[in-house]
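Computation of the quantities below employed the complete heavy-atom set of this structure, encompassing side-chain atoms and omitting hydrogens, waters and symmetry-equivalent molecules.
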2 protein chains.
Amino acid sequence: MDKKYVSLKDLAEELNVSVSTVSRALKDHPDISFEMRQRVKELAEMRHYSPNPLAMGLLKQETRMIGVIIPDIITHFYASIIAGIESVARENGYFVLISSSNESTQKEIESVENLLKARVEGFIVCLSKQTTSYDHFKGLLKRNIPLVFFDRTCLENEVSCVTVDNREASRKVVHHFYQQGYRRVAFISGPDYLNISKERIAGYYDGLNDCNLQIDPELLVKCDLSTDSARAAMNRLLSLSNRPDAVYGINDFVVFAAMKEIRKHNLEVPNDIGLVGFTDEFHATVVTPELTSIVHPTFQIGESAARLFIDQTERGRMPQMVILKTELKVRESSVLKGQPR
Amino acid sequence: MDKKYVSLKDLAEELNVSVSTVSRALKDHPDISFEMRQRVKELAEMRHYSPNPLAMGLLKQETRMIGVIIPDIITHFYASIIAGIESVARENGYFVLISSSNESTQKEIESVENLLKARVEGFIVCLSKQTTSYDHFKGLLKRNIPLVFFDRTCLENEVSCVTVDNREASRKVVHHFYQQGYRRVAFISGPDYLNISKERIAGYYDGLNDCNLQIDPELLVKCDLSTDSARAAMNRLLSLSNRPDAVYGINDFVVFAAMKEIRKHNLEVPNDIGLVGFTDEFHATVVTPELTSIVHPTFQIGESAARLFIDQTERGRMPQMVILKTELKVRESSVLKGQPR
DNA sequence: CTGAAAGCGCTAACAC
DNA sequence: GTGTTAGCGCTTTCAG
């Protein structure tokens, strides 16, 4: 099989000039005569020349590759963020190498190592839900390798992060429930060490306080974000002697599980129990009743993360924090059909 | 900023030997003394040496990168296939570069060009729904660049393809409807030039014939796979003087749209109209009633595609066709609650 | 205005 | 056993 790509050398030979002349001509170096530039460019065009990124990378010590580590790629939330990252990356001439941690710290560490071996220039990461030790990321910082976290973050003081106004969002949810006439608002949260859990819990409390609702520890339950544990959490709520009349879930996935559990108990959404989710995945509009949810600006999260990354890599910017606004999209699952109680 | 990675040269200098000695020692070349091998390996370990893939790629003219082009990354179907591709790729030391066509032929062509510029070794592709001319892929074949299609395929005689038993699957759907007592089975298909449309229509006819149901051209409607056109298609069916009592959709997405339209007309699933989808995305179990659907073995599709790719690249295998089995997962949307009619 | 040469990190053929 | 050298494709001094 013959060579697949033409090199500068090939062009040079064909034109009977040196490689360096060709190289310069293609970059419009002023030293090169106009005529020569024309000739070179013409031939390059004709032969479909494209510079070999490997050679460039080797020379410049840069690969134009960004390593992205996410818990998984099949959740709409992450897929959509990746789309955002990709779009900014592409605009700036970067490629994206994706690696899934499958929510396992072990695989997350491996992902870092593998991507490093591939010589990515830096990382954009959403922590696995298991991860509580951050040594593998501290190592990157020590080596001055650019790093950006989104959604689930850590080391916030030293690393660029992109999140949403989790606390404010949660507060809005409680307000909304209150306005609809719900009075016993429960929250199904995630693991305590995750920033998103902490922030959303804080906002939940804020909201309860704002509305003069009593904080009842029984109404704050936790799950590990899996379907099973979400169901279990919902069951705990349903078995309370004084069960909630509204449930807010840390993400839509959890809420879908809760919804099924509620139905199993022959209770009805929204009249017996109001329901609000977080993320607003596509499915939110597919379920019946349609799910009220905090809209996560997923694509923009990706875009912001990529932009922070590039700022850091190319312009040496200091780490910064970007907090995006969310919005409560009210649908059927939290709107009382009868008169508000 | 100092150098981020240690090179063979660094190791060589530290050990006062030549670069080639180090290189050979690390590969357990028999020429090198056992003692030297030990010393070299030890230091390499200590310094976290990892070979520079750019240098290797330049030398060997290979990048170990696979270009993957998909209509989009946020649909569960594609995301899940990518996960499959990635898993096999990783096992075999390949990286995956993903590029979305956004269902546009133009962007598909650009994706090919960009990935080529990045020097991917070959492609795994699912055609955009717009694509009817295949010149950009023929070009790859001419240049002997490995190519594998999945799901939406073309050039089947010259290119490796991974699909599912579309025809058989459709037939099974019609049989199922028939057994449940449905008699006017409609099919919402996609654009005619797509292989998946053709094959599923063929199976739909097969099924009707098997069951001695009359083929009524009014019951075969087409959409461009968008929500809007799916809704329009469903509306056409609902406005028929003799409307269908069962609807089969070319994918779940289309069926969700149809479901909404049915509800708008105050008809009930499954009693007024039975519903079956294709793909079995996660949402299938989230909607009410839960959706009966053909289970698409998405992860395996990805795995197979990647394996075909590697067979072709590394073992020079001829193009082949892999057809995976599907299964009908019966849920609520197609099971009559009252007595079968 | 253009060419020669070095070097990015690595391997392999060829010395010795 | 180990070192030397050339070369993969490219840019960039330094010469001329």
Side-chain angles (χ1 to χ4, degrees), chain A residues 1-44 47-65 93 116-121, chain B residues 1-44 47-65 93 116-121:
Chain A
M1 195 165 1
D2 39 11
K3 272 182 29 170
K4 283 180 180 160
Y5 297 95
V6 284
S7 65
L8 283 190
K9 196 178 159 196
D10 298 332
L11 298 179
E13 279 170 6
E14 196 164 343
L15 289 168
N16 268 315
V17 295
S18 76
V19 175
S20 39
T21 302
V22 177
S23 168
R24 280 182 282 221
L26 287 175
K27 314 192 113 54
D28 270 327
H29 192 105
D31 275 1
I32 305 292
S33 70
F34 181 75
E35 193 204 324
M36 177 61 86
R37 278 189 271 179
Q38 287 307 105
R39 278 179 60 205
V40 170
K41 285 186 192 170
E42 213 166 279
L43 186 70
R47 296 275 175 274
H48 297 106
Y49 169 76
S50 83
N52 186 322
L54 296 182
M56 298 284 284
L58 191 54
L59 198 61
K60 300 250 184 81
Q61 299 288 40
E62 60 177 41
T63 55
R64 302 245 118 198
M65 296 198 301
L116 234 28
K117 279 186 191 153
R119 298 298 195 266
V120 296
E121 291 187 29
Chain B
M1 191 164 6
D2 40 11
K3 271 180 36 170
K4 283 181 179 160
Y5 297 95
V6 285
S7 65
L8 284 190
K9 197 176 158 197
D10 298 331
L11 299 180
E13 280 169 6
E14 198 164 344
L15 288 167
N16 269 314
V17 296
S18 75
V19 174
S20 42
T21 301
V22 177
S23 168
R24 280 181 283 219
L26 288 175
K27 312 195 115 51
D28 269 327
H29 192 104
D31 275 2
I32 306 292
S33 70
F34 181 75
E35 193 204 324
M36 178 59 87
R37 279 190 270 180
Q38 287 308 104
R39 280 179 59 206
V40 170
K41 285 187 192 169
E42 215 166 278
L43 186 69
R47 296 274 175 275
H48 298 108
Y49 168 77
S50 82
N52 185 321
L54 295 182
M56 297 285 284
L58 191 54
L59 196 62
K60 298 248 184 83
Q61 300 287 37
E62 59 177 43
T63 56
R64 301 244 119 199
M65 294 199 299
L116 234 28
K117 279 186 189 151
R119 301 295 196 265
V120 296
E121 292 188 27

(Q) Any non-hydrogen side-chain atom of S50(A) less than 4.5 Å from a side-chain atom of R119(B)? (A) yes
Q) Between dC10(D) and Y49(A), is there an OP1 or OP2 to side-chain N/O distance shorter than 4.0 Å? A) yes
Q) Tell me: CG of L8(B) to P of dA12(C), nearest whole Å? A) 12 Å
Q. R64(B): what forms a salt bridge (charged side-chain N to carboxylate O under 4.0 Å, His left out) with it, not counting sequence neighbours?
A. E62(B), E314(B)
Q. How would you list, by chain and number, every residue that makes a salt bridge (charged side-chain N to carboxylate O under 4.0 Å, His left out) with D31(A), sequence neighbours excluded?
A. none
Q) What integer distance in Å separates K9(B):NZ from dG3(D):C1'? A) 16 Å
Q) CD of Q61(A) versus P of dT12(D): gap in Å, rounded? A) 14 Å
Q) Given dG3(D), is OP1 or OP2 found less than 4.0 Å from the side-chain N or O atoms of S18(B)? A) yes
Q. From dT11(D), dT11(C), dT12(D), pick the nucleotide closest to the side chain of S23(B)?
A. dT11(C)
(Q) Check this for me: Q38(A), atom CD, are more than 12 non-hydrogen atoms of other residues, nucleotides or ligands nearer than 6.0 Å? (A) yes
Q. Which nucleotide, dT11(C), dT13(D), dA12(C), lies nearest any side-chain atom of S20(B)?
A. dA12(C)
(Q) Short of 4.0 Å, heavy atom to strand atom, which residues of residues 52-59 of chain A count as contacting DNA chain C? (A) L58(A), L59(A)
Q. Could a donor-acceptor pair under 3.5 angstrom be found where the side chain of R24(A) meets the base of dG3(C)?
A. yes
Q | Length of the line joining L11(A):CG and dT11(D):P, which is rounded to integer Å | A | 12 Å
Q: Kindly state each residue pair satisfying salt bridge (Lys or Arg N to Asp or Glu O under 4.0 Å) with at least one member in residues 11-20 of chain B, sequence neighbours excluded.
A: E14(B)-R47(B)
Q: Measure the shortest side-chain to side-chain distance between L8(A) and Y49(A) over non-hydrogen atoms and say whether it is less than 4.5 angstrom.
A: yes
Q. Expressed in angstrom and rounded to an integer, what is the separation of L15(B) atom CG from dT2(D) atom C1'?
A. 13 Å
Q. When you look at D10(A) and Y5(A), which way does the side chain to side chain contact (heavy atoms under 4.5 Å, CB included) test go after all the steps?
A. CA-CA 9 Å; D10(A) 298 332; Y5(A) 297 95; over 6 Å; no
Q | Beyond-backbone contact of L43(B) with V22(B), side-chain heavy atoms, under 4.5 angstrom | A | no
**Q.** Inter-end axis angle, the helix from dC1(C)-dG16(D) to dC16(C)-dG1(D), with every axis fitted to five base pairs (rounded, 10 degrees)
**A.** 60°
Q: Measure the CZ-CD1 distance between R37(A) and I32(A) for me, rounded to the nearest 0.5 Å.
A: 8.0 Å
Q. Hey, does V17(B) reach any base, or is it just sugar-phosphate, or nothing, if we go heavy atoms under 4.0 Å?
A. sugar-phosphate
Q: Locate the shortest heavy-atom distance separating A44(A) from L26(A); write the atom from each residue and the value.
A: CB-CD2, 3.9 Å
(Q) I need the CD-P distance between E13(A) and dC10(D), as an integer number of Å. (A) 12 Å
Q: Please tell me if the side chains of R24(A) and V40(A) come closer than 4.5 Å, counting only heavy atoms from C-beta onward.
A: no
(Q) Among residues 25-37 of chain A, which ones have heavy-atom contacts with DNA chain D below 4.0 Å? (A) K27(A)
**Q.** Heavy-atom neighbours of H48(B) NE2 exceed 12 at 6.0 Å
**A.** no
